[in-house]
Structure formats: structure tokens, C-alpha cells
Amino acid sequence: GFDRALPLFRDDVDFCWRAHLAGERVLIATDAVLHHREAAAHGRRAEDFAPRPHRIDREAAVHVLLAHTSVVASPFLALRLFVVSAVRSVVYLLGKDFDAARDEVGAVLDVALHPARLRASRRLSARTATEPYSVIRALRPSAWAQVRQGLELMAGIATTSSAALSASVSALDSGPVDDDAAYLDSSGPSLFR
């Protein structure tokens, strides 16, 4: 079943990775495109609402990565995660999002300060594992894919108007169609436009 150390976020990834380690067959649709509404993170489901969803999500992500890494590689990955979180927090500070900056570093420190939870997750995984941790390595995005995603994110922010950034997006919004599209305002400020 699901890991009790992951009550809200990343429990699905952890479950699939443990299934891989147990030698089970997990199907991955690599060409699938999915829009995740992130209902819990955005408070659309009151029973799942987390008071600090960014921190809880980041903490869960760090926890899952460290729980599914070999003992030898764990210190190096932990150091890398801390450095990346420090850089991300500086970016949040530059964007004046002080809560996100604090949450970014706090999440990594919280995982580091509670090693018992990490050990419990490792034991849960080890109970059924028949495969080495290297099976999961292929499921993680490469360093280049992560850099590319970051560059795409920055380019998207730089080329998007401030009105579009502040607009709320819903998975059900499909945008204007037919004649409505002719009246779109495209004069918003942007770096490249």
C-alpha cells in the first residue's frame, strides 16, 4: 500500500517505484499528455487542503528521492537536493516570494532532521524489493531534461504578459473559439514581444 510518511503528495510516485523494485509490471505511457488540476494544492478540495502545499509537496519529493536511492548515493543526492533548493530559494527571493523561499529550504531541512521517517520508508521498500535501486534510476528525468524544463519555464515567464500570469487557469477552460478569438488583446507587455 501507500507509504504513511507521504500523506498527501508524491504517494503515487512512491507506490509505482516500490512496485518496480518489487519486480512488478508497471506500465508507463510516455506519450501521454495530462493536465493535473492540483486540487489539493490549490484548495479545491477542502478535506485535502494543506496549509503550506508548496512545502509539503517539496518535502515529499525530497523524501521519495532519498528513500529510493542507494545508501552509497544518498549523501551525494542529499547534498545536490540541498544546493538545488538553495538556488531555487534565491530565485523565489528575487521574485519576492518569501514564503516559497522559506518553504523550499525548510522542506529539505525537515527531511534531514527527521531521518527516522526516511528509514521507515526505506524499510517499507526493502520488505518487498527484489530488484536493485538502479531499476528506478531509469524512471527519473535526466539532468539535461531538468535543465531544459527550467529554461522553458524561464522563457515562458519572460514571454508571458503580467495579466496572463495573474489569470487563474482551469482544466475546463478551453479558450475562445471561432469569432471570439479575433478580439483577443495581444498588446500585453513581455520581454521578447
By side chain to side chain contact (heavy atoms under 4.5 Å, CB included) - contacts of Ala120 (at least two apart): Arg123

Val13 reachable from Tyr133 in the ILVMFWY side-chain graph, under 4.5 Å edges: yes

Residue that, paired with Ser121, satisfies side-chain hydrogen bond (donor to acceptor under 3.5 Å, both in side chains) out of His63, Arg18, His68, Arg4: His63

Same apolar cluster (I L V M F W Y, side chains within < 4.5 Å links), Leu21/Leu118: yes

Short N-O contact, Asp110 and Arg117, less than 4.0 angstrom: yes

For Leu109, all residues meeting side chain to side chain contact (heavy atoms under 4.5 Å, CB included), sequence neighbours excluded: Phe82, Val105

Heavy atoms from other residues, nucleotides or ligands near CD of Gln149 exceed 12 (cutoff 6.0 Å): no

Between OG1 on residue Thr69 and CG on residue Leu77, distance to nearest 0.5 Å: 4.5 Å

Which atom pairs, donor and acceptor, lie under 3.5 Å between side-chain atoms of residues 91-101 and protein residues at least two apart or in another chain?
{"residue": "Tyr92", "atom": "OH", "partner": "His54", "partner atom": "NE2", "Å": "3.3"}
{"residue": "Asp97", "atom": "OD1", "partner": "Ala100", "partner atom": "N", "Å": "3.3"}
{"residue": "Asp99", "atom": "OD1", "partner": "Arg102", "partner atom": "NH2", "Å": "3.4"}

side-chain contact (heavy atoms from CB on, under 4.5 Å) assessment of Asp14 paired with Phe9: CA-CA 10 Å; Asp14 175 73; Phe9 298 109; over 6 Å; no

Asp57 and Arg10 ion-paired at < 4.0 Å: yes

Pair Ser85-Arg80, side-chain donor/acceptor within less than 3.5 Å: no

Heavy-atom closest pair, residues Arg55 and Ala107: O-CB, 3.7 Å

Ser89 side chain vs Glu104 backbone, donor-acceptor pair below 3.5 Å: no

His20 vs Arg25, side-chain contact (heavy atoms from CB on, under 4.5 Å): CA-CA, chis, key distance, verdict: CA-CA 7 Å; His20 270 284; Arg25 184 173 180 216; over 6 Å; no

Reported CD1-to-OG distance for the pair Ile136 and Ser70, which is rounded to 0.5 angstrom: 10.5 Å

Spatial distance of atom CZ (Phe15) from atom CD (Glu24) [nearest 0.5 Å]: 9.0 Å

Chi angles and distances behind the side-chain contact (heavy atoms from CB on, under 4.5 Å) call for Leu66, Leu81: CA-CA 9 Å; Leu66 289 174; Leu81 289 170; 4.1 Å; yes

Residue pair Asp3, Asp11: steps toward the side-chain contact (heavy atoms from CB on, under 4.5 Å) verdict: CA-CA 7 Å; Asp3 187 349; Asp11 52 347; over 6 Å; no

